[in-house]
Amino acid sequence: MKEKWVVSAKKADFNGIGAHFGIDPVIARLMRNRGMTDISEMELYLRGTEDDLHDPHLLKDADRAAQIISEKIRSGEKIRIIGDYDIDGIQATYILLKALHRLGADVDTVIPDRVLDGYGLNEHLVTRASEEGIDTILTCDNGISAIDQIHTAKVLGMTVIVTDHHEIPYEEADGQRREMLPEADAIVNPKQRDCAYPFSGLCGAAVAFKLVQILYEQAGISVSEADVFLENAGFATVGDVMDLQGENRILVKLGLDRLRKTQNKGMRALILQKNLDAAKLKAYHIGFVLGPCLNASGRLETARLSLSLLLCEDAARAAVMAQEIAELNESRKLMTAQAVRQAEQVIEERDYGKNSVIVVFLPDCHESLAGIVAGRIREMYYRPVFVITRGEKACKGSGRSIDGYSMYEEMCKCRELFLKFGGHPMAAGFSVEEKNIDLLRTALNERTSLSESDLIPKVTIDVPMPIDYLYEDLIRQLELLEPFGKGNEKPVFADRNLEIESLKVFGREGRVIRMKLKSGQGTRMDAVYFGDVDVLKETLEEKYGRMAAEDTVSGRCVHHVSLHFLYYPEIDTYYTHPRIQLKISGFCA
């Protein structure tokens, strides 16, 4: 897929900013590229601490929710936490369950079964709670869209408290939007229009953490005791792919600090199971190693397995559970690969790739994999993607989006075709009748405002920086910008006309390419690229012809070929003396 490379051209006094903070001007430029315009923003970005977290009392209904829960605890009423089966829902459930136990509550929890129950609060969970004598339902990471279900709970005489972070449902009339809120006794969600909280991007577990701070305060417990849950809130922030900006960035930094020395026996067992060094954990390990394992139980079996792992107090038992969860994730990977191949085949056979919005029906795909498959297809075609599977009562689907396409907003334009839907700008879940799938595909494409230029993937180069400029202290300063993730992407550097002096292909599938690159000024550096050697070969052939391309990828670097490279510099500590290595992320002729 052809990409468009663009250079970020935001202006500032980079030398002055660098002098103020004692950093290289390149670091100042990278902060400016991430939207920071004044010194106070940059100070928070570089040196934000727990003291910079916002006051939880600013969350609308948070004090009211805490007061209701406290009264229920004092009167001995039964409370049921209803969470969700993904990373965020599991961590939010854990936070509330542990905190309410600490407060002496008569509390239990239910995490919906993805297949049997579907997402969030549903009618039979409500009626079952009533039949079992539950007085109060406390949701986490769900509930904001459960208007009918919460109405049922109120009719049955139950108290309902919603803690959530998803988009607020709305209806539009005469060009005006009106929020559609459930009739809960308290709703804690920073996305509410009249919520005074200054940061709306919290995940569900972070909202739960904020509520716990108030609960502890009201109970006379030191609020600092709630800090034990920072690792859970930070983990969920990364795992739910929230923007790592503002308060989220601080939560993740604090969470990672605690995760590296976690006392949670289940989490320690999972870290060991994945052969990770706890002291070196980064956001990457949450997003791509540990997080998918916690998610796997909710996808293929029950998320209660992951919750039980976090709650486990026996190290030996935790080790067994961690192994089971890791094996489930390996099964999930195999099933995902098969489903992606099926999706590709359907898209190519039916020419869906020409559409601005791809809607693909995979009736036999496990419904829990729809979101992952949608994400993979989005990467291949750079289109918003909806993957739909056949469920027991209706078809269920997940969507993954691209920049410039708010998935939730676009789905609202077709709300009449959905049985149920909800989500974020970049991801969504829904159910739909099978007979309406083709209608949905047509409607989403007819009503979209995407242009041709929106469908060309763009790579933003932070700094076109000659490799001659690289030095070890600059690379170590790049760590100041971590944690990296959505909204705070890893910086992208580029250099032109780097000659490939040597090249070797490694790995069982030949997807590790090690090179020695030389700049026009004579600077030589090792480089590694994890990708398809055929793509590199095609790029070289386009510029130098077939013979030069074949010789180069075969390791016979005698043609003095050079390309433009995207890279990120790292310190390679494998050798006796650490040296700079370039991690290549792209190239062009």
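Predicted model only: the values in this text are computed from it and were never measured. Nothing fancy with the numbering, it's 1 onward along the sequence.
- Salt bridge status for Arg80 with Asp108: present, with a side-chain N to carboxylate O gap under 4.0 Å.
- For Phe209 and Phe229, the gap between ring centers reaches or exceeds 6.0 Å.
- Every residue two or more places apart in sequence or in another chain that forms a side-chain contact (heavy atoms from CB on, under 4.5 Å) with Asn122 is listed here: Asp117, His124, Leu125.
- Listed by chain and number, the residues in a side chain to side chain donor-acceptor pair (under 3.5 Å) with Thr389 amount to none (sequence neighbours excluded).
- For Glu410 and Lys413, the salt-bridge test passes: some basic side-chain N is under 4.0 Å from an acidic carboxylate O.
- Salt-bridge annotation for Glu416 and Arg447: present, with a side-chain N of the basic residue lying under 4.0 Å from a carboxylate O of the acidic one.
- Taken from CD1 in Ile161 to NZ in Lys72, the straight-line distance is 8.0 Å, to the nearest 0.5 Å.
- For the pair Arg415 and Tyr170, the distance from NZ or CZ to the six-membered ring centre is under 6.0 Å and the angle to the ring normal is within 45 degrees.
- Within the 4.5 Å cutoff, the side chain of Pro483 has no heavy atoms near those of the Lys282 side chain.
- Note on Glu482 versus Lys490: no salt bridge recorded, every NZ/NE/NH1/NH2 to OD/OE distance being 4.0 Å or above.
- Judged by distance alone, the side chain of Gln263 and the main-chain N or O of Lys261 form a donor-acceptor pair under 3.5 Å.
- Residues Pro56 and Ile214 approach most closely at O-CD1, 3.6 Å, considering heavy atoms.
- Shortest non-hydrogen contact noted between Glu313 and Lys98 is OE2-NZ, 3.8 Å.
- Side chain of Ser431 to main chain of Lys396: no donor-acceptor pair is present (N/O by atom type, distance under 3.5 Å, no hydrogens or angles).
- Side-chain contact between Tyr45 and Arg34 is present, with at least one heavy-atom pair separated by less than 4.5 Å.
- Checked against Gln91 for a side-chain hydrogen bond (donor to acceptor under 3.5 Å, both in side chains), the options Asp86, Asp240, Asn232 give a single hit: Asn232.
- Counting only distance, with no hydrogens or angles, the side chain of Asn248 and the backbone of Gly201 share a donor-acceptor pair below 3.5 Å.
- Surrounding NZ of Lys60 are more than 12 heavy atoms belonging to other residues, nucleotides or ligands, all under 6.0 Å away.
- Residues Leu259 and Met267 meet the side-chain proximity criterion, which asks for heavy atoms closer than 4.5 Å.
- Salt-bridge annotation for Arg102 and Glu225: present, with a side-chain N of the basic residue lying under 4.0 Å from a carboxylate O of the acidic one.
- Residues Leu103 and Ile221 meet the side-chain proximity criterion, which asks for heavy atoms closer than 4.5 Å.
- A donor-acceptor contact shorter than 3.5 Å links the side chain of Ser306 to the backbone of Leu294.
- Considering Leu53, Thr237, Val252 as possible partners of Glu247, the one that fulfils the side chain to side chain contact (heavy atoms under 4.5 Å, CB included) test is Leu53.
- Under the 3.5 Å distance criterion, the side-chain polar atoms of Lys154 are matched with a main-chain donor or acceptor of Met158.
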**Message:** Run Lys265 and Asp314 through salt bridge (Lys or Arg N to Asp or Glu O under 4.0 Å) and show every step you take.
**Reply:** CA-CA 7 Å; Lys265 291 182 173 61; Asp314 180 84; over 6 Å; no
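- The pair Lys486-Asp243 meets the salt-bridge criterion, with a side-chain N (NZ, NE, NH1 or NH2) lying under 4.0 Å from an Asp/Glu carboxylate O.
- Looking at residues two or more places apart in sequence or on another chain, you find a ring pair (Phe, Tyr, Trp, His ring centres under 6.0 Å) between His54 and Tyr197.
- Rounded to the nearest 0.5 Å, atoms CZ (Arg177) and CD (Glu172) are 5.5 Å apart.
- Using a cut-off of 4.0 Å between Lys/Arg side-chain N and Asp/Glu carboxylate O, Glu379 and Arg376 are scored as not salt-bridged.
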